[in-house]
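Values below: all heavy atoms of this structure, side chains included; hydrogens, waters and symmetry mates excluded. On a predicted model such as this, the values are computed, not experimentally measured, just so you know. For ligands, and for the atoms within them, numbers begin at 1 and follow the listed sequence.
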Amino acid sequence: MNIVYIALGSNQNNPVYHILKGMKQINHLNHTHIIKKSSLYSSKPLGPKNQPDYINAVIKIQTALEPEELLNSLQKIEDIHHRQRIKKWGPRTLDLDILIYNNLEINSKRLTIPHPEMTNREFVLIPLFEITNHRFNIPKFGKLVHYLKRNL
Ligand code: ROI
């Protein structure tokens, strides 16, 4: 079994609904169970400011899916949510990012793990800290608290 951390984000069309529904759909994937869920956090948009605030969360799952299989499954879930998009080119209704997959470092065409931007994003670091602890180590990057302090 593999331990994986996933970030969820939404800023469209009832974001809380999309985050909670996304968690349920992940929990229903084959050979996959959520072990821990962070609280839901409201955050100001990083990037273009002319968009609504985000709801963000992080979950810890146990899964038998390999990284690429998990990515495929998460993209299918995203697609289901994207269909409910109001504006064609508007922000996504649900974003699912694999943050950490065991202690693996992956640099393939489709996947960079650990997620290369995760240590710069307060909206990832804070929920991740909530479901881990002060000794938690991010593969390749190092101590989570180091990055948390740097970004607060
Ligand atoms: N900003 C916040 N606060 N939360 C997100 O999940 C998020 N996702 C994105 C960009 C546009 C970078 N900004 C975000 O993809």
Side-chain angles (χ1 to χ4, degrees), residues 3-29 32 34-61 63 65 67-101 104-133 136-152:
I3 297 294
V4 184
Y5 292 87
I6 296 171
L8 302 92
S10 172
N11 76 339
Q12 289 287 296
N13 196 1
N14 194 351
V16 170
Y17 165 82
H18 287 290
I19 297 290
L20 295 178
K21 181 89 191 237
M23 286 181 180
K24 263 194 198 154
Q25 289 167 316
I26 292 169
N27 200 45
H28 286 141
L29 293 175
T32 301
I34 295 181
I35 302 170
K36 278 187 184 166
K37 290 178 193 176
S38 77
S39 310
L40 305 191
Y41 291 80
S42 173
S43 64
K44 295 284 170 203
L46 181 79
K49 299 293 172 221
N50 60 342
Q51 54 176 327
D53 286 358
Y54 278 80
I55 297 294
N56 286 106
V58 171
I59 57 174
K60 177 183 184 181
I61 66 168
T63 184
L65 300 176
E68 296 260 340
E69 290 177 311
L70 179 61
L71 178 65
N72 292 338
S73 301
L74 296 179
Q75 288 183 343
K76 272 183 203 152
I77 294 173
E78 284 181 337
D79 286 343
I80 294 168
H81 289 257
H82 292 174
R83 268 185 230 137
Q84 297 166 9
R85 218 163 33 168
I86 298 167
K87 275 189 288 179
K88 201 171 179 193
W89 302 109
R92 290 183 190 180
T93 46
L94 184 65
D95 221 338
L96 301 173
D97 288 335
I98 302 173
L99 299 173
I100 296 169
Y101 189 106
L104 284 186
E105 285 183 35
I106 302 173
N107 290 291
S108 68
K109 219 178 196 174
R110 296 181 66 208
L111 271 178
T112 307
I113 297 177
H115 191 290
E117 286 303 318
M118 65 176 289
T119 55
N120 299 322
R121 297 180 170 180
E122 214 176 284
F123 61 80
V124 170
L125 295 172
I126 292 173
L128 180 60
F129 181 69
E130 183 192 345
I131 61 169
T132 57
N133 59 58
F136 187 76
N137 224 54
I138 304 169
K140 175 165 118 177
F141 286 102
K143 272 198 184 324
L144 169 61
V145 283
H146 167 76
Y147 293 98
L148 196 55
K149 282 183 195 154
R150 199 182 69 177
N151 284 282
L152 287 180

Inset, instruction - Kindly confirm or rule out an N or O of F123 lying under 3.5 angstrom from an N or O of ligand 1. - result: no

Legend entry - ligand 1 N/O within reach of K44 N/O, cut-off under 3.5 Å: yes

Inset, instruction - Quick one: sort the F141 and Y147 rings into parallel, tilted or perpendicular, breaks at 30° and 60°. - result: perpendicular

Inset, instruction - Have a look at ligand 1 and work out which part of D95, if any, has a heavy atom under 4.0 Å from it: side chain, backbone, both or neither. - result: side chain

Does [X] reach the main-chain N or O of [Y] with its side chain, forming a donor-acceptor pair under 3.5 Å?
X: S10; Y: I19; value: no
X: K24; Y: L20; value: no
X: N56; Y: L8; value: yes
X: Q51; Y: N11; value: no

Taking [atom] as the reference point, the nearest protein heavy atom with its distance:
atom: atom 9 (C) of ligand 1; value: Y54 OH, 3.9 Å
atom: atom 10 (C) of ligand 1; value: L46 O, 3.5 Å
atom: atom 6 (O) of ligand 1; value: N56 ND2, 2.8 Å

Inset, instruction - Say whether S43 and ligand 1 are in contact under the criterion: heavy-atom distance to a ligand atom below 4.0 Å. - result: yes

Legend entry - P45 neighbourhood, listing ligand 1 atoms whose heavy-atom distance to it stays under 4.0 Å: 1 (N), 3 (N)

Inset, instruction - May I ask you to test the V4-L70 pair for a side-chain heavy-atom distance under 4.5 Å? - result: yes

